[in-house]
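In what follows, a structure is listed as structure tokens, so that the remarks can point back to it.
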Protein chains: 2
Amino acid sequence: MAKRSYNQYCSVARALDVVGDRWTLLLIRELMIGPRRYTDLIDGLPGIGTNHLASRLRRLVAADVIRRRALPPPAASTVYELTRSGRGLEPVIIGLAHWGVDQLGAPDAELAWRPDWTVVALRGRFDATAARGVDEAYQFVIDGQPFWARVRNGELDTGLGHVDAPAVAVTASRASFLAVAAGEVQPEQALAAGDYRIDGDPEALGRAAAIFPNSTDPPEKRP
Amino acid sequence: MAKRSYNQYCSVARALDVVGDRWTLLLIRELMIGPRRYTDLIDGLPGIGTNHLASRLRRLVAADVIRRRALPPPAASTVYELTRSGRGLEPVIIGLAHWGVDQLGAPDAELAWRPDWTVVALRGRFDATAARGVDEAYQFVIDGQPFWARVRNGELDTGLGHVDAPAVAVTASRASFLAVAAGEVQPEQALAAGDYRIDGDPEALGRAAAIFPNSTDPPEKRP
DNA sequence: CGGAATCCTCTTCGATACTG
DNA sequence: CAGTATCGAAGAGGATTCCG
């Protein structure tokens with residue numbers, strides 16, 4: 001039962017001792033999207049053994065990366081969420097997200113895809129400079145799954161569900177949303193085809209496009 | 001022989017399909033320090049099975065993350081080094097290094113430690129703002145292992161071996177270097193004790209301390 | 001000696017079945 | 001809904017051997 005360790009006095013190795021196991025960083029990704037129930041996690045991590053999920057959750061709680069929280073009575077359920085320490089892993093996830101774009105390829109029906117994952121992509125693409133002075137929210141409903149992004153004071157907030165008074169709302173099917181996101185289809189075509197809809201202020205749409213640029217390299221320096 | 005995959009259309013999952021296996025990110029860390037021979041890698045990754053190292057190297061070459069290069073005749077050996085794509089993983093490694101600092105604890109003789117790993121720590125602590133206008137090099141020789149950092153045009157370059165005309169040179173034993181780095185011993189004490197030596201310009205030492213701050217949070221936003 | 005392939009034991013993974 | 005229990009298959013970790 002003793003945890004396997006790299007046994008190195010190196011902060012990279014120590015970090016990987018805690019979050020380097022298979023599935024663990026994807027589990028962090030899931031919780032970056034928002035608090036999740038056990039079954040939500042199973043759903044967002046197709047293929048994980050339930051025993052492994054349970055043991056990883058236990059370990060991450062022990063390491064103060066995530067926390068177990070009971071929802072108030074009407075909901076009567078428990079959720080897992082990132083602690084402050086766990087939120088500190090966001091740069092790692094974002095770093096992987098940037099790097100992984102090149103490995104992504106074209107949308108493939110064989111691969112699992114959840115609308116929520118778009119939240120992570122949005123957080124990765126967020127351009128704080130372009131967001132300066134903007135104060136508005138954007139609503140998405142993809143495949144019936146609602147999520148949103150709000151920009152205020154140059155900062156980004158995201159969540160699942162519906163947001164008040166969005167400046168723009170995008171409603172789309174999985175296929176059309178992915179086709180547009182991957183650049184396979186022009187937004188105009190998708191709009192004409194019908195299962196892709198944009199409501200709201202056209203100018204706000206332009207701002208959103210600048211704040212979440214489609215394919216730039218990470219803001220870090222280039223080699 | 002088919003590679004295990006998460007089978008998700010998500011750039012984080014795709015990235016982890018390539019570099020998420022056990023040992024792989026530590027292998028990238030090793031190559032961030034500089035080009036390495038097979039046996040150097042074995043040495044920097046104590047505990048890795050030679051078969052696993054070989055198979056990971058093969059896969060990473062295939063994925064264009066690293067490259068195999070033959071050294072010119074006198075050396076008559078081959079080294080592995082990061083490709084441009086592989087260097088793109090530096091933000092991930094640095095992100096893990098920042099996060100792992102909290103998990104690091106006190107130096108422990110039970111844990112493996114290599115002087116070279118300090119190069120990664122230096123790269124993680126580099127403060128580009130403090131480096132503005134500085135053009136000088138710093139030499140380290142820890143436990144007999146030489147490595148250096150050079151700051152120029154607000155950018156950082158690092159490497160193994162000796163650098164020309166360093167502004168500061170730090171020479172120390174493993175124990176005293178770690179004790180000072182971990183904040184257990186004040187530099188003055190270590191200097192007095194004798195197995196820690198600093199040569200060069202005291203003002204440059206002050207600049208180096210500002211450029212590689214000892215324990216700040218990552219420059220990313222805080223939660 | 002550097003760069004692996006082989007063998008063998010042990011742990012972890014993945015899938016399913018089962019329980020409070 | 002939130003987990004345990006179980007079990008075959010795959011990967012990890014050593015040691016040793018092989019090849020140039």
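Side-chain atoms are counted along with the backbone in the values below, which use heavy atoms only and exclude waters and symmetry mates. Per chain, numbering begins at 1; letters A, B, ... match sequence-line order.
To the nearest angstrom, C1' of dA12(D) lies 11 Å from OH of Y6(A). Between I42(A) atom CD1 and dA2(D) atom P there is a gap of 10 Å when expressed in whole angstrom units. In this structure, CZ of R59(B) is placed 9 Å from P of dA12(D), rounded to the nearest angstrom. Per the geometry, CG belonging to D43(B) stands 10 Å off P belonging to dG2(C), to the nearest Å. The distance between atom CD1 of I48(A) and atom P of dA15(C), rounded to the nearest whole Å, is 11 Å. If you take CG of D40(B) and C1' of dA4(C), they are 15 Å apart, rounded to a whole angstrom. One can place CG of L27(A) at 15 Å from C1' of dG3(D), the figure rounded to the nearest angstrom.
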Verdict with supporting geometry, E136(A) and V151(A), side chain to side chain contact (heavy atoms under 4.5 Å, CB included) = CA-CA 6 Å; E136(A) 61 194 12; V151(A) 177; 5.5 Å; no
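Seen from the ring of Y6(B), R22(A) counts as a face-on cation partner, given the 6.0 Å and 45° thresholds.
Side-chain atoms of Q8(A) and R29(B) form a donor-acceptor pair, as typed in the model, at a separation below 3.5 Å. For the residue pair R150(B) and Q139(B), no side-chain donor N or O sits within less than 3.5 Å of a side-chain acceptor on the partner. Using a 3.5 Å distance cut-off with no hydrogens or angles, the side chains of E30(A) and W117(A) do pair a donor with an acceptor. Defined by atom type and a distance below 3.5 Å, a donor-acceptor pair is missing between the side-chain atoms of R37(B) and T78(B). A donor atom on one side chain and an acceptor atom on the other are not found under 3.5 Å apart for D64(A) and S85(A). With no hydrogens or angles considered, no side-chain donor-acceptor pair links R36(A) and Y80(A) at under 3.5 Å.
Out of dA2(D), dG2(C), dT4(D), the shortest distance to the side chain of S77(B) is found at dG2(C). Of the candidate nucleotides dA4(C), dG3(D), dG14(C), dG3(D) has the atom nearest to the side chain of A54(A).
The shortest distance between the side-chain N/O atoms of W23(B) and the OP1/OP2 oxygens of dG11(D) is not below 4.0 Å. Within the structure, a side-chain polar atom (N or O) of R58(B) is placed less than 4.0 Å from OP1 or OP2 of dA5(C). Listed pair R68(A) / dG3(D) meets the phosphate criterion, a side-chain N or O lying under 4.0 Å from OP1 or OP2. OP1 or OP2 of dG14(C) has at least one side-chain nitrogen or oxygen of R4(B) nearer than 4.0 Å. Remark: R56(A) is in phosphate contact with dC13(C), judged by side-chain N or O atoms under 4.0 Å from OP1 or OP2. Between R22(A) and dC13(C) there is no side-chain polar atom (N or O) within less than 4.0 angstrom of OP1 or OP2.
At a threshold of 4.0 angstrom between heavy atoms, the contacts of T39(A) are confined to the sugar-phosphate backbone, with no base atom among them.
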What's touching nucleotides 7-9 of chain C from the protein side, N or O pairs under 3.5 Å?
none

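For H52(B) and Y80(A), each mapped to the nucleotide of DNA chain D holding its nearest heavy atom, the one lying further toward the 5' end belongs to Y80(A). Nucleotides of DNA chain C nearest to V79(B) and D21(A) differ in position, and the one nearer the 5' end is that of V79(B).
A donor-acceptor contact under 3.5 angstrom links the side-chain atoms of T50(B) to the base of dA5(C).
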